[in-house]
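Since the structure is predicted, the reported quantities are computational estimates derived from the model, not experimental observations.
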Amino acid sequence: MIKIVSGWSNPGGSTTAFINLCNLFNEHGYDCTFYGPHQWHLDKCKGGTFQDINLTEDDVLIYHFLDLFKTRPPIKKFVLSLHEKDLYNLNVKEHNMFDKIHFLNDKHIEWHGGKEQFKNYFISPNVVDNLVPSPKLDLKAGGVIGTIDYNKQTHKSIEHALNDGCEQVHVYGSITDQSYYQTYVSKYERHEKVYLHGFAGNKQGVYDSVTDVYQDSLSETWGYIKVECDITGTNYHGNESVKDNFINMSNKEILEKWVKELEL
C-alpha cells in the first residue's frame with residue numbers, strides 16, 4: 001500500500017501533483033491513497049482525511065509539508081516529497097529519518113543546500129494533467145493562473161498582460177492572502193478588460209480561454225504553468241523565477257522513476 005500524506009490538500013500545485021501521482025499509481029495497479037486535512041481532493045483520486053490514516057509495517061509512506069514524526073515510523077519505506085523552498089526549509093528540518101527525499105529539479109536541491117548533503121535522494125518532475133492543444137482564439141486573451149498572493153505577484157502579471165496588448169485578461173486562482181488581494185488586486189474588479197474568476201477546476205477550459213499566459217512570481221519551485229502552456233500551445237511569458245526549472249519526462253517515465261525509487 002502506498003500512502004501519500006500531506007499537510008495541504010486544498011487547491012494548489014502540490015495538491016494537484018499528488019492527485020495526479022496517486023491516480024497514476026492506481027491506473028497502473030499500485031494501490032495508493034492520498035490523505036490530507038482538507039476535503040477538496042477527495043473526489044479527484046482515491047483519497048481520505050487524517051482520521052482515516054492507519055499505518056502498517058508494509059506501507060510505503062510519501063510524506064509532505066508536515067512535522068508529525070520525531071523518529072522514523074515502523075513502515076516499509078519513508079519518503080519525503082519536497083515541493084517547497086521557503087515554506088519548508090529542509091536545512092532546519094530533521095531529514096535523516098527518511099529513506100529517500102524527492103526533489104523536483106537540480107535548482108530545487110541546490111536551494112536546500114546541495115546534493116552533497118543528502119545521501120538518498122531522487123529528482124523527478126510532477127505528473128502533468130491530461131491536457132490537449134487549445135483552439136486558437138480570434139483575439140489576444142491573457143491568462144494569469146495560480147494562487148493570488150504576494151509571491152505570485154498577480155498584479156504584476158495582470159499589468160504585464162495589459163501592457164502586452166491583451167484585449168481580455170482572465171485571472172484564475174484562489175485568494176490565499178486577503179491583505180495582498182485588497183492592496184494590489186481588488187482594484188481590477190472594476191477594470192473593463194480584467195475578469196477575476198477565482199479557482200477554476202476545469203484546467204482544459206482555462207487554457208481554452210486564453211492565448212497567452214503571464215507569470216511574474218518572485219519564486220517558483222517547479223514550472224507547472226510553463227509545462228501546461230507547452231502542452232496546450234499557449235504562449236508563455238515568464239520571468240527568471242521559472243528559468244531552468246524543467247525536466248522533460250513523460251508521465252510513464254515519472255511512474256518508472258517512482259516505482260524504482262520506492263522498490264515496488
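- Counting non-hydrogen atoms of neighbouring residues, nucleotides and ligands closer than 6.0 angstrom, the CG atom of Asn235 exceeds 12 such neighbours.
- When all heavy atoms are compared, the tightest approach of Glu253 to Met249 is OE1-CA, 3.3 Å.
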One pair to check against side chain to side chain donor-acceptor pair (under 3.5 Å): Tyr195 and Glu189. What are the steps and the verdict?
CA-CA 7 Å; Tyr195 303 84; Glu189 293 173 355; over 6 Å; no
I'd like to know whether Phe122 forms a ring-ring contact (aromatic ring centres under 6.0 Å, His included) with Phe103, so could you lay out the CA-CA distance, the side-chain angles of the two residues, the decisive distance to 0.1 Å, and finally the verdict.
CA-CA 6 Å; Phe122 68 101; Phe103 294 94; 8.9 Å; no
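- Here the straight-line distance linking atom CG of Leu82 with atom OH of Tyr121 works out to 14.0 Å at 0.5 Å rounding.
- Separating the CG atom in Leu131 from the OG1 atom in Thr232 is a distance of 6.5 Å, to the nearest 0.5 Å.
- In this model, no donor atom of one side chain and acceptor atom of the other lie less than 3.5 Å apart for Ser174 and Thr176.
- For Glu256, the salt bridge (charged side-chain N to carboxylate O under 4.0 Å, His left out) partners are Lys252, not counting sequence neighbours.
- Contact check for Val210 versus Val169: no side-chain heavy atoms found under the 4.5 Å cut-off.
- By the salt bridge (charged side-chain N to carboxylate O under 4.0 Å, His left out) test, Glu192 is found to be paired with no residue, residues two or more places apart in sequence or in another chain being considered.
- Ile109 is listed as a side-chain neighbour of Phe118, based on a closest heavy-atom distance under 4.5 Å.
- With sequence neighbours left out, Thr221 forms a side chain to side chain contact (heavy atoms under 4.5 Å, CB included) with Lys85, Leu104, His108.
- The existence of a salt bridge linking Glu167 and Lys140 is excluded, since no basic side-chain nitrogen approaches an acidic carboxylate oxygen closer than 4.0 Å.
- Across every non-hydrogen atom of Leu21 and Ile4, the tightest pair is CD2-CD1, 4.3 Å.
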Under the side-chain contact (heavy atoms from CB on, under 4.5 Å) rule, what do Tyr63 and Leu68 come out as? Steps first, then yes or no, please.
CA-CA 10 Å; Tyr63 183 79; Leu68 295 178; 3.6 Å; yes
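- Between Trp222 and Pro125, the closest side-chain pair of non-hydrogen atoms falls below 4.5 Å.
- Counting only heavy atoms from C-beta outward, the side chains of Ile231 and Asp129 never approach each other to under 4.5 Å.
- The cationic atom of Lys203 (NZ for Lys, CZ for Arg) lies less than 6.0 Å from the six-membered ring centre of Tyr224 and within 45° of the ring axis.
- Scanning all heavy atoms of the two residues, the minimum distance from Asn251 to Leu24 falls at O-CD2, 3.5 Å.
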What's the verdict on side chain to side chain donor-acceptor pair (under 3.5 Å) for Tyr172 and Ser209, showing C-alpha distance, side-chain angles and the deciding distance?
CA-CA 11 Å; Tyr172 297 101; Ser209 72; 2.7 Å; yes
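- Residues satisfying the salt bridge (charged side-chain N to carboxylate O under 4.0 Å, His left out) test with Lys156, not counting sequence neighbours, are none.
- Between the side chains of Asp208 and Ser134, at least one donor N or O lies within less than 3.5 Å of an accepting N or O.
- Between Leu264 and Ile2, some side-chain heavy-atom pair lies under the 4.5 Å cut-off.
- For Thr211, there are no side-chain hydrogen bond (donor to acceptor under 3.5 Å, both in side chains) partners, not counting sequence neighbours.
- We find the OG1-OH distance between Thr234 and Tyr207 to be 7.0 Å, quoted to the nearest 0.5 Å.
- Distance check: Thr147 OG1 to Lys152 NZ gives 5.0 Å after rounding to the nearest 0.5 Å.
- Every residue meeting the ring pair (Phe, Tyr, Trp, His ring centres under 6.0 Å) condition with Tyr180, not counting sequence neighbours, appears here in chain and number order: His155, Tyr184.
- Under the salt bridge (charged side-chain N to carboxylate O under 4.0 Å, His left out) criterion, Asp212 pairs with no residue, sequence neighbours left out.
- A distance of 7.0 Å separates CG in Leu42 from OG1 in Thr49, rounded to the nearest 0.5 Å.
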What do the steps show when you test Ile123 against Asp106 for side-chain contact (heavy atoms from CB on, under 4.5 Å), and what is the final call?
CA-CA 7 Å; Ile123 294 174; Asp106 286 330; 3.1 Å; yes
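- Glu84 places no side-chain N or O within 3.5 Å of a backbone atom of Phe65 that could act as its donor or acceptor partner.
- When all heavy atoms of His41 and Gly48 are compared, the pair lying nearest together is NE2-O, 3.0 Å.
- Contact of the Asn151 side chain with the Ser219 side chain is registered, since non-hydrogen atoms from C-beta on lie closer than 4.5 Å.
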Between side-chain atoms of residues 72-81 and protein atoms elsewhere (two or more places apart, or another chain), which donor-acceptor pairs fall under 3.5 Å?
residue, atom, partner, partner atom, Å
Arg72, NE, Asp99, OD1, 3.3
Arg72, NE, Asp99, OD2, 3.3
Arg72, NH1, Ile75, O, 3.0
Arg72, NH2, Ile75, O, 3.1
Arg72, NH2, Lys76, O, 3.3
Arg72, NH2, Asp99, OD2, 2.7
Lys77, NZ, Glu263, OE1, 2.7
Ser81, OG, His83, NE2, 3.1
Ser81, OG, His102, ND1, 2.8

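- Among all heavy-atom pairs drawn from Thr154 and Asp149, the shortest one is OG1-N, 4.0 Å.
- By the ring pair (Phe, Tyr, Trp, His ring centres under 6.0 Å) test, His38 pairs with Trp8, sequence neighbours left out.
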Would you sort out whether His160 and Gln215 count as a side chain to side chain donor-acceptor pair (under 3.5 Å), showing the intermediate values?
CA-CA 9 Å; His160 191 170; Gln215 191 172 31; over 6 Å; no
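- Residues forming a side chain to side chain contact (heavy atoms under 4.5 Å, CB included) with Lys193 (at least two apart in sequence, or on another chain): Leu162, His191.
- Annotation: side chain to side chain contact (heavy atoms under 4.5 Å, CB included) contacts of Glu110 (sequence neighbours excluded): Lys115.
- Contact record, His112 with Tyr88: CE1-O, 3.1 Å, taken as the closest heavy-atom pair.
- Taking Lys226 as the reference, Asp230, Tyr236, Phe246 meet the side chain to side chain contact (heavy atoms under 4.5 Å, CB included) condition, with sequence neighbours excluded.
- If you take OG on Ser14 and CG on Asn126, they are separated by 8.5 Å, rounding to the nearest 0.5 Å.
- Ring orientation note: the planes of His170 and His197 are close to parallel, at an angle under 30° on the 30°/60° scale.
- Taking 4.5 Å as the limit, some side-chain heavy atom of Tyr150 sits within range of a side-chain heavy atom of Leu218.
- Because its NZ or CZ atom is not both nearer than 6.0 Å to the ring centre of Trp258 and within 45° of the ring axis, Lys260 does not count as a cation-pi partner of that residue.
- Using a 3.5 Å distance cut-off with no hydrogens or angles, the side chains of Ser217 and Glu220 do pair a donor with an acceptor.
- Asn20 contributes no side-chain N or O that, together with a main-chain N or O of Ala17, makes up a donor-acceptor pair within less than 3.5 Å.
- Taking 4.5 Å as the limit, every side-chain heavy atom of Asn202 sits out of range of all side-chain heavy atoms of Val206.
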